[in-house]
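Notes for the one structure printed next.
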Number of protein chains: 2
Amino acid sequence: MSRNNAGLTEDRIITEALRIIDGQGLRRLTMRRLGDALEVEAMAIYHHFPLGKEQLFDAIVAYVSDVARWAPNGDGDADTDADGVADEAEQAAPEPDPRPWDERLRTWAADYRRALLTHAQALPLFIHRRPETEAALRSLEVLYGAFTEAGLEGAEVVRAAAALDSYVTGSVVREVRANGLPVQRPAVLDGRFPHVTALREVQPDAEAVFTAGLEALLHALTASARTV
Amino acid sequence: MSRNNAGLTEDRIITEALRIIDGQGLRRLTMRRLGDALEVEAMAIYHHFPLGKEQLFDAIVAYVSDVARWAPNGDGDADTDADGVADEAEQAAPEPDPRPWDERLRTWAADYRRALLTHAQALPLFIHRRPETEAALRSLEVLYGAFTEAGLEGAEVVRAAAALDSYVTGSVVREVRANGLPVQRPAVLDGRFPHVTALREVQPDAEAVFTAGLEALLHALTASARTV
DNA sequence: ACCTGAACACCGTTCAAGT
DNA sequence: ACCTGAACACCGTTCAAGT
């Protein structure tokens, strides 16, 4: 094998970066270590991501945000990489999902949650990055379409989608935090915290907590449409 | 002024670190820059945070997480720093909040949201850090107490508190992301995204979005108690 | 076009030393 | 106890050079 043309691609770089992040943590992802894992000099990565590590982080967020990729039977090959232009002028809407709106929302929420949980170590990257990829638009279309079908209109739809997105994201953050070890010296539970003390042993299953809140939220968000 | 005893305290270090984070971003907080801002050599910080930057990050998260500090009329002097042991053996519960449970929850949510939004640049630190300070216990006590008063029991209380916490955290993340510039080349809105296209101009006020979702969630979480 | 290798400015942290 | 100053291993990135 010659010294150049090592077969480096954006996808290989992103995938390998995620492997390092998942296995060793975000802080251990360095350009040099990533280069080692790809069996290439670190500087070769800059040929594919000329703007450096920030651009790589952006690409990682966009990659993980592609909810379809993480669905149980996701196609994964969706045209969502940097050159995410439709191959043909296929501007027509794809086959619409025949399931009822609430089921589509549950599926979207479960897939998005799975995507974030799978790469929980990469979560800090999501805070200040908002990919506007086609995959992101597909997600938004699912939400807006479902809530519209549920009977909401205009700003109601946007608010409901925002609430659902907030809930899923926040649930993952809460789960990840709950699984981590407490930081700093834990304070003592004394008489000032009677309810916390009383419920100290109650630790419901994370999945059940997520589902219960999701059902409550979905029901509440679409209540206005039902009472009209 | 002599060369040592520069009056460095944990609180001064944390405050100055937050000023740098808020003003220049998380990545620009370095030990050397922080030392400069405190007019001290970087290495002096290690005397107060022997475990280094990670420990400083932990302290920052604990500091910002003290919801009471960010309330409009918060006392701010709450005994929540590293030596957060009660001065006396004041193990009795403090004066109970006389307001109805739902108002206490709204206040908690607004205060927590404000705390996180005020230091949005520090948000990535929150993902993998869970302070178990007295301030954190106070927050949990507010939530558990309020939902218990609303008529929930046991696991219901824990689930409701988790859902509310998830919603507030996720809302802040969503707000911060929405305010940021989109990353990577934005995809084009075409016929495949009819609902997104139709609602493109609808951009409700962030505060209104938060409140609408919060009210829906609170109503739904306590519905079971009302119907019994 | 794709990758290498040396170099630069910067970083977190250690350690011995000062007062 | 509190802070300094030099040192070490590492980092992201630039740039000229190789093929």
*Non-hydrogen atoms of Arg177(B) and Phe126(A) that approach each other most closely*: NE-O, 2.9 Å
_Please report the distance, rounded to the nearest Å, between CZ in Phe49(A) and P in dC2(C)._
13 Å
*Of all of residues 121-130 of chain B, which get a heavy atom below 4.0 angstrom from DNA chain C, listed by number?*
none
*Identify the two heavy atoms, one from Gly35(B) and one from Ile45(B), that lie closest to each other, and give their separation to 0.1 Å.*
N-CD1, 3.9 Å
_Among residues at least two apart in sequence or on other chains, which ones pass ring pair (Phe, Tyr, Trp, His ring centres under 6.0 Å) with Tyr167(B)?_
Phe210(B)
*asked:* Between Arg113(B) and Glu175(B), does any NZ, NE, NH1 or NH2 come within less than 4.0 Å of an OD or OE carboxylate oxygen?
replied: yes
*Considering residues, nucleotides and ligands other than Glu54(A), do more than 12 of their heavy atoms fall under 6.0 Å from its CD?*
yes
_Test salt bridge (charged side-chain N to carboxylate O under 4.0 Å, His left out) applied to Arg192(A) and Glu134(B), step by step_ = CA-CA 10 Å; Arg192(A) 289 169 297 167; Glu134(B) 295 208 0; 3.0 Å; yes
*Between Arg129(B) and Phe57(B), is NZ or CZ placed under 6.0 angstrom from the six-membered ring centre and within 45° of the ring axis?*
no
*asked:* So, using ring pair (Phe, Tyr, Trp, His ring centres under 6.0 Å) as the criterion, who are the partners of Tyr112(B) when residues are at least two apart?
replied: Trp108(B)
*asked:* Between Arg27(A) and Glu41(A), which residue's closest nucleotide on DNA chain C lies nearer the 5′ terminus?
replied: Glu41(A)
*Round to a whole Å and report the spacing from CZ of Arg12(B) to P of dC2(D).*
14 Å
_Contacts of His119(A) that satisfy ring pair (Phe, Tyr, Trp, His ring centres under 6.0 Å) - sequence neighbours left out_ = Trp70(A)
*Interatomic distance, Arg28(A) CZ vs dG12(D) P [rounded to whole Å]*: 12 Å
*Nearest to the side chain of Val40(A), which nucleotide is it out of dC3(C), dC3(D), dC11(D)?*
dC3(C)
_Which atom of Gln121(B) lies closest to which atom of Leu26(B), heavy atoms considered_ = O-CB, 3.8 Å
_Strand DNA chain C as a dot-bracket string - pairs counted if Watson-Crick or G-U with both distances under 3.5 Å, | where the partner lies in another strand_ = ||.|||||...|||||.||
Could you list all N or O pairs between the protein and nucleotides 7-9 of chain D that sit under 3.5 Å apart?
none

*Give the rounded distance in Å between these two atoms: NE2 of His47(A) and P of dC15(D).*
15 Å
*asked:* For a quick test of reading the model: is some side-chain N or O of His48(A) closer than 4.0 Å to OP1 or OP2 of dC3(C)?
replied: yes
*Tyr63(A) ring centre to Arg69(A) NZ or CZ under 6.0 Å, with the angle to the axis within 45°?*
yes
*Once you round it to whole Å, what is the distance between P of dT4(C) and CD of Glu39(A)?*
11 Å
*Begin from the C-alpha positions of Arg33(A) and Glu16(A) and carry the test salt bridge (charged side-chain N to carboxylate O under 4.0 Å, His left out) through to its verdict.*
CA-CA 10 Å; Arg33(A) 236 189 295 267; Glu16(A) 201 60 45; over 6 Å; no
*Tell me: CZ of Phe57(A) to P of dC11(D), nearest whole Å?*
13 Å
*Residue Lys53(A), side-chain atoms from C-beta onward, closest of dG12(C), dC3(C), dG12(D)*: dG12(D)
*What is the distance from CG of Leu38(B) to C1' of dC3(D), rounded to the nearest Å?*
13 Å
_Arg33(B) CZ - dC11(C) P separation (whole Å)_ = 5 Å
